Protein chains: 2
Amino acid sequence: MTKIKREVPVRIAGEDNPNTAVNRRRPGGRATLEDVARHAEVSTMTVSRALRDTSLVSPSARERIEAAVRELGYIPNRAARTLASARSKLIAVLVPSLSNAVFVETLAGVQDCVGPAGYQLLIGNTGYSPARQAELLSAYLAHAPDGFLVTGSDDTKAIREHLKTSGVPLVHMFDLAAAGEWSVGFSQRKAGHAIGAHLAGRGARRPGFIAAQLDPRTMQRRAGYRRALREAGLDAGLEILTKQPSSVDLGCTLLRSLLSEAPDCDAVFCCNDDLALGALFECQRLKIAVPRDLAIVGFNDLPFAAVASPSITTVATPRYAVGFEAARMLLQILDGIAPERNRIDLGFDLVVRESA
Amino acid sequence: MTKIKREVPVRIAGEDNPNTAVNRRRPGGRATLEDVARHAEVSTMTVSRALRDTSLVSPSARERIEAAVRELGYIPNRAARTLASARSKLIAVLVPSLSNAVFVETLAGVQDCVGPAGYQLLIGNTGYSPARQAELLSAYLAHAPDGFLVTGSDDTKAIREHLKTSGVPLVHMFDLAAAGEWSVGFSQRKAGHAIGAHLAGRGARRPGFIAAQLDPRTMQRRAGYRRALREAGLDAGLEILTKQPSSVDLGCTLLRSLLSEAPDCDAVFCCNDDLALGALFECQRLKIAVPRDLAIVGFNDLPFAAVASPSITTVATPRYAVGFEAARMLLQILDGIAPERNRIDLGFDLVVRESA
DNA sequence: CTGAAAGCGCTTACAG
DNA sequence: CTGAAAGCGCTTACAG
């Protein structure tokens, strides 16, 4: 006696499993491609084609398939698609922080670029930690992302090492990487230099620098800033650095430290706007007139900088564009189009306002 | 003549495909479970077990498997796991905004809770749009998330409708949903009431309200605030509302509108801290003493509120906890454990500072 | 503690 | 324009 193999699983209408706690294979009886095919009286292949590109299929088939999809509430299973096609339509994005508005806007740029192309984002927060970054890289590799977009918390070598064998393309954001790598950003060094030059140009005698986190990009800004001061014949030695995460609160604290170390300090470059806002608040508390007694410069041009009182002089960074262009570059690579350049420098703008 | 089917694909060492542009099935020849099994001289099942729970396997097998994994650089393919197990280990999180720091911190709470349990997040930004929310719900359903965490941009009914048939559990964040739904949040209405009562209590004669975005939660705060004013015998009619996205800049603008409409206004409840910061800056520009001439209250207690000058009176909201507890509730549901309560009220704190 | 079989729901690569 | 076959890389459900 032969067992009869049921080619088509029998679905009894209204056969709801009352015991929802039990983990059945198809919770809710979600419709599959096969269900749609049967309903539309075509093969699964035709449905598969119609779903990807309607022009691949005859109008009549297309109509029936669309009707079936609607009736069954069919939603494709991406895991199956990923497994079969070896394309996940997932892009992994690694940023050092999300409490920093800069990276939130970068993500918006990425999202706006890849969303219309049908990609989903896997967003990882490395917290500026190389170890965490390595972990995330591995974890995300398991999802077989089609590409990586990363703002490195440290050297790019470890990243390369990790991804090299996987063959997944990667574009660096903010770091203008070396040849042989893809990158979109701007020169942190030049930006820092522009600030140093501005401060020197407006007559600062004793400028100071306050910085938190001390990530690579901050240190590059510092290098440019120091060079500008030296070029202007000024001492670049006055600085308060801490590895603590940046915050407005910390800006207050660091400003106090700076002034206690150098009461004659007459200008301060804060490594970002949050710090600058804290410094400004602290000055208001201490009755220090800005910019008359102390000039303050921030970095990034976050939304509040323009409307603070006094408004804050800062460097406007193209963070949204960095995300968008890095994503575009990655998409080109994924589509097999060679981007014109392997590194795109988006530049920056020194925005001179009231505070310096 | 019979074709011989190769049971084991032959892999020739050093056989690198020079044409990396060609999209082969296995870019980089990523190792599979089968590769590991062969290397460790066990079956794929044993490897599968060892990977999930080492105690399921003999120590000797375990050792060989671990060695093989290391040597081959094996990284599991989650798409395959998802397809076979019907569990994606993905949690979809929908928030109305990422430029609002509140939701960034909520996401941090979610991440900190689900990360250790091996879940990845799919983060969707609805931009406060119900239409976008519906789109994202569908898009994410394709990824077969094990659960949803959402802060609704509108009514919860549409969400239910969408997810009902899918059987994917959902926990609401911030909205304390109706019975039969899972939710973690706090009473926006009571929080608004606390602010109204505080302003009345400190002698406000002509309080005003400024608000942006006008999402459901903002309107609930407004309702509580107005009731408190009425209870104190004050007029609740003075308000400037706009659907524009919230920003510090907008806070400046709305404050000016408020004062031009009611020059005798002596207290203002800003629906969030960004608006309050803008209002404060504008007062500084207009030489309006805060709180003497005008009291300012914000909402959320973002990091800058405590250190502004003057420091800003506001309501501290448990946003990190909302994310964490909502995630915990969801994880319990996924593990088949019934949470004690279906709605968790985390409360809030009125933080009285200098500005009001 | 271990393994052979079957299948998850799609797409690729052919063939017509 | 359409379809039958095979397979993507895992896990489930059995069986030992």
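Atom set for the values below is all heavy atoms of this structure, side chains included, hydrogens, waters and symmetry mates excluded. It should be emphasised that the depicted structure is a prediction, and the values quoted were computed from it without experimental measurement.
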ask   = Ignoring hydrogens and angles, does a donor from either the side chain of A:Arg49 or the base of D:dG3 sit under 3.5 Å from an acceptor on the other?
value = yes
Partner residues of A:Phe103 under the ring-ring contact (aromatic ring centres under 6.0 Å, His included) criterion, sequence neighbours left out = A:Phe174
ask   = Between B:Thr46 and C:dG3, does any side-chain N or O lie under 4.0 Å from OP1 or OP2?
value = yes
ask   = OP1 or OP2 of D:dG3 less than 4.0 angstrom from a side-chain nitrogen or oxygen of A:Ser43, does that happen here?
value = yes
remark   = Between B:Arg78 and B:Gly118 the two heavy atoms that sit nearest each other are NH2-O, 3.8 Å
message = Without decimals, in angstroms, what is the distance between A:Asp35 CG and C:dG9 C1'?
response = 10 Å
query = Should we count CZ of B:Arg328 as having more than 12 external heavy atoms under 6.0 Å?
reply = no
query = Distance-only, no hydrogens or angles: does the A:Thr106 side chain make a donor-acceptor pair with backbone N or O of A:Tyr320 under 3.5 Å?
reply = no
inquiry  = Using whole Å, what does the distance between atom P of nucleotide D:dT2 and atom CZ of A:Arg52 come to?
reply    = 14 Å
ask   = Quick one: B:Met45 CE to C:dG7 P, roughly how many Å, whole number?
value = 16 Å
query = Looking at NE2 of A:His143 and CG of A:Leu122, how far apart are the two atoms once the value is rounded to the nearest 0.5 Å?
reply = 5.5 Å
Nearest-angstrom distance from the residue atom CG of A:Leu33 to P of C:dC8 = 13 Å
Between D:dT11 (P) and B:Arg87 (CZ): distance, integer Å = 13 Å
request  = Kindly determine whether A:Leu51 and A:Tyr74 satisfy side chain to side chain contact (heavy atoms under 4.5 Å, CB included), including the steps that lead there.
outcome  = CA-CA 11 Å; A:Leu51 258 34; A:Tyr74 171 72; 3.4 Å; yes
inquiry  = Would A:Val93 and A:Gln111 count as a side chain to side chain contact (heavy atoms under 4.5 Å, CB included) here? Give the steps.
reply    = CA-CA 10 Å; A:Val93 192; A:Gln111 176 64 57; over 6 Å; no
task = Find the distance A:Arg30:CZ to C:dC8:C1' and express it as a whole number of Å.
result = 12 Å
query = Any side-chain N or O of B:Thr32 less than 4.0 Å from the OP1 or OP2 oxygen of D:dG9?
reply = no
inquiry  = Can you pull out the residues from residues 57-82 of chain B that lie within a 4.0 Å heavy-atom distance of DNA chain C?
reply    = B:Val57, B:Ser58, B:Ala61
key: Euclidean distance, atom CG of residue A:Asp53 to atom P of D:dC1 [Å, nearest integer]   = 10 Å
message = Between A:Arg132 and A:Thr126 (side chain of the first, backbone of the second, donor and acceptor by atom type, cut-off under 3.5 Å), is there such a pair?
response = no
request  = Kindly say whether A:Gln332 contributes a backbone atom to a donor-acceptor pair with the side chain of A:Asp335 at under 3.5 angstrom?
outcome  = no
query = Between D:dT2 atom P and A:Leu56 atom CG, what is the distance in whole Å?
reply = 10 Å
request  = Can you run through DNA chain D from 5' to 3' and write each base as (, ), [, ], | or . depending on how it pairs? Watson-Crick or G-U wobble, both distances under 3.5 Å.
outcome  = |||.||||||||.|||
key: Nucleotide nearest B:Leu83 when distance is taken to its side chain, options D:dC8, C:dT12, D:dG9   = D:dG9
